[in-house]
Amino acid sequence: MMNISLRSMRVWQRNFDVYLVTWKVNFIPPLLEPLLYLFAFGIGLGQLVKDVPYEGAQVSYLRFIAPGLIATAVMNHGFFETTYSSFVRMYYQKTFDAMLSTPLTIEDVVMAEMIWGATKALFAGSIMFVVTLLFGLLSMPMALWIIPVAFLSGLTFSAMGMCFTAYVKNIEMFNFPVFLFITPMFLFSGVFFPLSSLPAWAQAVAWCLPLTFLVSSLRSIALGSFGMAVIWQILVLAALGFACVLISLSAMKKRLLK
Amino acid sequence: MDIIRATDLVKTFRHAAAVDHISLRVSRQECFGILGPNGAGKTTTVKMIYCFFEPTSGKLEVLGEDARKNIRRVKEGIGVCPQENNLDPDLTVIENLRVFARYFDIVGARALSRCEELLRFVGLYGKRHSVIDELSGGMKRRLIIARSLVNSPRLLILDEPTTGLDPQARHQIWESIISLKKSGTTVLLTTHYMDEATHLCDRLVIMDKGKIVVEGSPKELIRQYAGSHVIEISPAGEAAGNYLKQKGLTFEKTPTHFFVYAQKGPEVFSDITLKFGESGCALRMANLEDVFLKLTGRELRE
């Protein structure tokens, strides 16, 4: 069933080539985005919220949300690439159909799209990483671990996106997962406030959201409090990603070869 | 060696058979046509041959390989020009070819020279840096044909290559196909245009409702099913109808026309015109369209 070969990197190369053609346009939003957030939350909200309790210590609000913003960038760029962008390539441009008349298999194409989504997530996460680093919000060198985790969790969110792409009838239907899944995660995964300030039941719900695991692990890494919990959180994300990869490969195969 | 060998091939979608036990063989350097009304199963057949669909049952060998098992090896030797234009709108003309060649692991200087050679072959070298949206319908079709040749395929599959093109563009594409055939490429063609099939195909099948209705060379089929001449009579009046019956002629009646299939066309034609006058009567050579309509009927599909 897993008919994947190294040739699938040819699909990744295609997307990378297209990305390079318009690299300036592709580069600017992920660069401006963190600056806007840091400005709004640092200068705006940061005046009201001074320090946040974290693991028994007090950290500045900007230091608290910086890893959350990296996590959000990873989620958004991974998820949006394999939903809207992959759907356009598959449905409107028929790019997948063209690829399937070459020695590429459907699994090659879908896997490469997800790895490409993870790559975009890595790019966005890295830009956010550099900006927050320049603001002195990350503790080095431990914070470097954020980069590989961004790629891995980028793959998780890309694979989740691809699962939706395998089932939606039209591009408008992506509004549902965005509204019901991505937006609540952005708001309730502990990006902006410690989960401990929520009631117990809401905390339990928050720990069902994949972004919670990513925010929590990146925050531990960024603030230099690495422990077993981080390993577990990353393993949960990896397991979820693996399951979504399997589901999306088989569902996309059904969709395209119906 | 047979390039395509299909035996009892079946493809079922949700319990409806799109292709229903067909068998066919295509030998090297042949141009083989698949004709049929919409929904006959032409494209499904073609998609099984280029390993897009897996057959529900039956045996399928393409280029000497089992098309279910050695998918990658089969696809390496095939070029496909699909029915829909699926050029990559994010890439320029030459990038479309270069990126496509890379899917076949053809890279570097070899890929570039192959792409340039193909663009010259289809007359698009001057447009190599254009974006796809700037191309006319005929240019897009030619670029797709060029794209289907990047891997120097032994089998070229053309699914309605000239649908929607003007006569100039069609003839240009026909010339390309003929020159490819001469250089040793086997061609599998589906089309709705009977003149195209007559012009290009050595052998063809007519499909209807998932089955092969008839197989042969265009000439054989015309001789066997339509005779040498067709006389068209309009309006389809009662007197003429009675006359045709009385003479024992083979004919078909539509609301407006009689179509008389005759081996000795000129003689029958002069008899008819003597009796009913020349206006509304026409004598012409029988063609593949007569065969097609006779075998698949005149009612609309879908």
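As the structure is a computational prediction, the values presented were derived from the model and not from experiment. Basis for what follows: all heavy atoms, side chains included, without hydrogens, waters or symmetry-related copies. So you know, we letter chains A, B, ... as the sequences are listed, proteins then strands, and number each from 1.
Comment: A/Arg89 does not engage B/Asp90 in a salt bridge, judged by the lack of any side-chain N to carboxylate O separation of less than 4.0 angstrom.
Residue contact with chain A, scored on non-hydrogen atoms closer than 4.5 Å, involves the backbone and the side chain of B/Glu76 alike. There is no contact between B/Arg73 and chain A, counting heavy-atom distances below 4.5 Å. Contacts between A/Ile106 and chain B at a heavy-atom distance below 4.5 Å are absent for every atom of the residue. With a 4.5 Å cut-off on non-hydrogen atoms, A/Arg14 touches chain B through its backbone and its side chain both. Contact of A/Ser5 with chain B is made through backbone and side chain together, with heavy-atom distances under 4.5 Å. With a 4.5 angstrom heavy-atom cutoff, B/Phe104 touches chain A via backbone and side-chain atoms both. Proximity to chain A (any heavy atom under 4.5 Å) is restricted, for B/Val107, to the side chain, taken from C-beta onward.
Applying the ring pair (Phe, Tyr, Trp, His ring centres under 6.0 Å) definition to pairs two or more places apart or across chains, none involves residues 105-131 of chain B. Under the ring pair (Phe, Tyr, Trp, His ring centres under 6.0 Å) criterion, the residue pairs touching residues 83-104 of chain A are A/Phe80-A/Tyr84, A/Tyr84-A/Phe174, A/Phe87-A/Tyr91, A/Phe87-A/Phe174, with sequence neighbours excluded.
Rounded to the nearest 0.5 angstrom, A/Ser101 OG and B/Asp159 CG are separated by 11.5 Å. Expressed to the nearest 0.5 Å, how far OG1 of A/Thr102 lies from OH of B/Tyr50 amounts to 11.0 Å.
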Exercise for review: Decide side chain to side chain contact (heavy atoms under 4.5 Å, CB included) for A/Val21 and B/Glu95; before the verdict, give the C-alpha distance in whole Å, the side-chain angles of both, and the deciding distance to 0.1 Å.
Suggested key: CA-CA 11 Å; A/Val21 171; B/Glu95 286 294 291; over 6 Å; no

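The backbone N or O of A/Leu104 sits less than 3.5 Å from a side-chain atom of B/Lys75, completing a donor-acceptor pair.
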